[in-house]
Amino acid sequence: MTVEGNETRKEMILNMGPQHPATHGVLRLLLHLEGEVVKKTIPIIGYLHRGVEKLGENRTYLQNIVFTDRLDYTAAMCNNLSYALAVEKLCGIEVPERARVIRVIMAELQRIAAHLLWLGTYALDIGAMSVFFYCFREREKILDMFEMVSGQRLTPSYICIGGVRRDITDKFVELLKSFCDTFNDYIRDYENLLTKNPIWVERLRDVAVLSAEDAINWGTTGPVLRASGVKFDFRRATPYCGYENYEFDIPTGTKGDCYDRYLVRVEEMRQSNRILKQAMKDIPDGPIMADVPFVTLPPKEQVMSNIEALIKHFKIASGAFQIPKGEVYSSIENPKGELGFYIVSDGSARPYRMRIKSSCFVNLSALPFMTQGCLVADLIAALGSIDIVLGEVDR
Amino acid sequence: MNRQEIIDRIQEKASSLTMGTSQGIDCPEVVVDKQHLIEFMKFLKEDEALSFDLISDVTAVDYPARTPRFDVVYHIFSIKNGQRIRVRVPVGDGDGVESVTCVWRGAEWLEREVYDMFGVTFYNHPDLRRILMEEDFKYHPLRKDFPLEGIEE
């Protein structure tokens, strides 16, 4: 914006949030504006700080699973998985093959659900109302499947240390199959509504550009990093749960703007569906939990009918959990980027330190950089495009 | 480059900067004195073979019975090699370390969080303020002597 004549430039300070529909939670942005141009963005976070890391130090390893559900509540299964993998790495537990495949299925379903939620709400932010209904229709199917296996839609606590809590049923596989068969058509529907929609393209193209170099320097991960053209995915770089056996592409963008982030996420849904189809084809038989004394819980049916299993369950749950001393950092590719757990164990049933590395937190820290000099309306587009969940930012 | 080669490379090129190297369960581990931190971090990033370019995490661990009391722990990932490294810097109570924001910009908020939660200062940090707790909060909640139920003001 140029100012003519003797008028002086006036900077206005505006509070966006903490209660604002476009912040997707309780995020406060302090904006320094000059007219409609954003000179400076200062994100103020902590409104949802619950001290999960501190709580984690005071709860047992088994109890901590439920906290992970509540970090990024759109990706609870993936959070469970990341935590379980960290503890398993520390204990040296080998998870049975069947459980590994089930974990991949759940993680990919969750990735699709998280991206669908993002797409629906992001389109809503930009002003395209109808996409929301389509996205939530398919997301609902995934949540129904989660409810079927775990009894919960958003907070499943399904993936646990040593495997998964319950076995999947034939009915679940049937639902999964019909979902996978039809989902690519649904993605085409979303793309028909958005990808070449001139308003959509106008609003997103060249907004909040982050170059590959900057994206790495700011430590961003996930779709934000990939949209900037860096072909990097933890599923490929440090495979876990047997991801090395699945064929999938890593979509990347060219410019690193909001539009690329949209394209990358849509393509990721397609790739997740591809992984699901491969995983579903051959689910091996066998146990769903590793059998490690004083670490993994016995099956619930046995606990209800067998006195020894009941005693074992009681002992592990009440603090006889055995874990070696040591420390471990383990991270996975969450829908939003890297979710890492750094666990320091002193050999007791409670972690000495449980650090949660959240990709949302780091990606949000790059927001002021990428929105310098943009318009207020573009700031909404930029904020939505990095896909943050405040539950994970604040922890 | 595998985990052992990373350790070999560090010992070959920068052994004077480190206080010890070892293999952890998950990744190689290096202990660095706080005086050499920036020099060593720059080496990790700029060395062509290592190229640790993506900062994963900065955090701290509190050991109240030990002097120095804290370990500031950095996890850095190399996109090129697909490997992670853990760098540990012992820091005393009321002391601090140089900020690594001059090496990786992404460390800015991570360091602010460590400052907020543990009270470890980061020198030459562009914007060292509390991040999760309110500005006038007097304590550092992740220290082991801070009670879980909080302190009434």
Side-chain angles (χ1 to χ4, degrees), chain A residues 42-51 53-55 57-59 86 89-92 213-221 225 230-232 234 236-239 324 326-331 338 340-342 344 346 352-353 355-359 361-366 368-369 393-395, chain B residues 24-27 29 45 51-63 71 73-86 88 100-101 103-114 116-118 127 129-135 137 141-144 146-150:
Chain A
I42 305 170
I44 296 161
I45 60 170
Y47 292 93
L48 221 58
H49 178 59
R50 295 149 295 171
E53 292 180 13
K54 184 83 179 177
L55 284 166
E57 291 172 9
N58 290 278
R59 299 283 188 282
K89 207 180 222 178
L90 196 52
C91 297
E213 201 182 312
D214 288 331
I216 295 174
N217 196 13
W218 277 96
T220 61
T221 44
L225 179 63
V230 183
K231 202 169 181 159
F232 177 73
F234 278 101
R236 192 54 65 71
T238 55
E327 51 192 87
V328 77
Y329 182 93
S330 157
S331 72
E338 176 191 21
F341 278 86
Y342 172 54
V344 180
D346 58 355
Y352 185 77
R353 170 95 174 94
R355 158 76 180 160
I356 303 159
K357 187 264 156 135
S358 142
S359 58
F361 181 83
V362 179
N363 291 355
L364 180 62
S365 76
F369 176 78
V393 173
D394 293 347
R395 282 153 288 140
Chain B
I25 305 169
D26 49 340
C27 61
E29 223 182 270
K45 190 185 179 188
S51 109
F52 282 101
D53 43 7
L54 189 73
I55 185 137
S56 270
D57 194 20
V58 180
T59 188
V61 187
D62 181 12
Y63 300 99
D71 268 351
V73 184
Y74 303 81
H75 287 96
I76 306 142
F77 197 85
S78 161
I79 294 180
K80 187 176 133 198
N81 297 321
Q83 294 285 348
R84 188 176 283 115
I85 193 166
R86 177 156 52 238
R88 186 192 299 279
V100 298
T101 43
V103 189
W104 302 279
R105 281 297 264 129
E108 187 180 322
W109 278 27
L110 294 165
E111 288 182 341
R112 274 177 70 186
E113 193 184 339
V114 175
D116 190 0
M117 292 293 146
F118 290 92
D127 183 24
R129 290 178 292 129
R130 283 186 179 270
I131 187 160
L132 293 173
M133 307 306 292
E134 56 270 24
E135 298 256 312
F137 193 70
L142 272 179
R143 288 185 173 205
K144 286 283 175 188
F146 187 84
L148 179 65
E149 58 273 16

*asked:* Under 3.5 Å, is there a donor on one side chain and an acceptor on the other for A:Arg353 and B:Thr59?
replied: yes
*B:Glu113 vs A:Lys357, salt bridge (Lys or Arg N to Asp or Glu O under 4.0 Å): CA-CA, chis, key distance, verdict*: CA-CA 11 Å; B:Glu113 193 184 339; A:Lys357 187 264 156 135; over 6 Å; no
*Under 4.5 Å heavy-atom distance to chain B, tell me which part of A:Arg236 shows up: side chain, backbone, both or neither.*
neither
*Scan side-chain atoms only and decide if B:Arg84 and A:Ser331 contain a donor-acceptor pair under the 3.5 Å cut-off.*
yes
*Examine whether an atom of B:Asp62 lies under 4.5 Å from a heavy atom of chain A, and if so say whether it belongs to the side chain, the backbone or both; otherwise answer neither.*
backbone
*With only heavy atoms counted, which part of A:Tyr47 is less than 4.5 Å from chain B, the side chain, the backbone, both or neither?*
neither
*Test: B:Glu149 and A:Lys54 ion pair at under 4.0 Å*: no
*Against chain B, label A:Glu53 side chain, backbone, both or neither, depending on which of its atoms sit under 4.5 Å from a heavy atom there.*
both
*From OG1 (A:Thr221) to CG (B:Leu54), nearest 0.5 Å*: 7.0 Å
*Measuring heavy-atom distances to chain A, does B:Tyr63 have an atom under 4.5 Å in its side chain, in its backbone, in both, or in neither?*
both
*Select one option (side chain, backbone, both, neither) describing which atoms of B:Arg129 are under 4.5 Å from chain A's heavy atoms.*
side chain
_Evaluate A:Tyr329 against B:Val73 for side-chain contact (heavy atoms from CB on, under 4.5 Å), listing each step before the verdict._
CA-CA 11 Å; A:Tyr329 182 93; B:Val73 184; over 6 Å; no
*What distance do A:Thr220 atom OG1 and B:Arg105 atom CZ have between them, rounded to the nearest 0.5 Å?*
13.5 Å
*Check B:Glu108 against A:Trp218 and note the closest heavy-atom contact, atom names and distance.*
OE1-CH2, 4.0 Å
*Hey, would you say the B:Phe77 and A:Phe232 ring centroids sit under 6.0 Å apart?*
yes
*Indicate yes or no: at least one non-hydrogen side-chain atom of B:Trp109 is less than 4.5 angstrom from one of A:Val362.*
no
*For the candidates B:Gly106, B:Gly24, B:Pro141, which exhibits the highest count of non-hydrogen atom pairs separated by less than 4.5 Å from chain A?*
B:Gly106
*Quick one: what part of A:Ser365 sits under 4.5 Å from any heavy atom of chain B, side chain, backbone, both or neither?*
both
*Worked verdict on B:Met117 versus A:Arg355 for side-chain contact (heavy atoms from CB on, under 4.5 Å)*: CA-CA 12 Å; B:Met117 292 293 146; A:Arg355 158 76 180 160; over 6 Å; no
*Contacting region of A:Tyr342 [heavy-atom separation from chain B under 4.5 Å]*: side chain
*Could you walk me through whether A:Phe361 and B:Ile131 pass the side-chain contact (heavy atoms from CB on, under 4.5 Å) test, one step at a time?*
CA-CA 11 Å; A:Phe361 181 83; B:Ile131 187 160; 3.9 Å; yes
*Side chain, backbone, both or neither of A:Ile356 within contact of chain B (heavy atoms, under 4.5 Å)*: neither
*Can you see which heavy atom on A:Val393 is nearest to which on B:Leu132, and at what distance?*
O-CD2, 4.3 Å
*Where does B:Ala60 contact chain A at under 4.5 Å (heavy atoms): side chain, backbone, both or neither?*
backbone
*Taking every heavy-atom pair that is under 4.5 Å apart, which of A:Leu48, A:Val344, A:Leu364, A:Leu55 has the most such pairs with chain B?*
A:Leu364
_Side chain, backbone, both or neither of A:Glu327 within contact of chain B (heavy atoms, under 4.5 Å)_ = both
*So do the side chains of B:Lys45 and A:Asn217 get within less than 4.5 Å of each other, counting heavy atoms only?*
yes
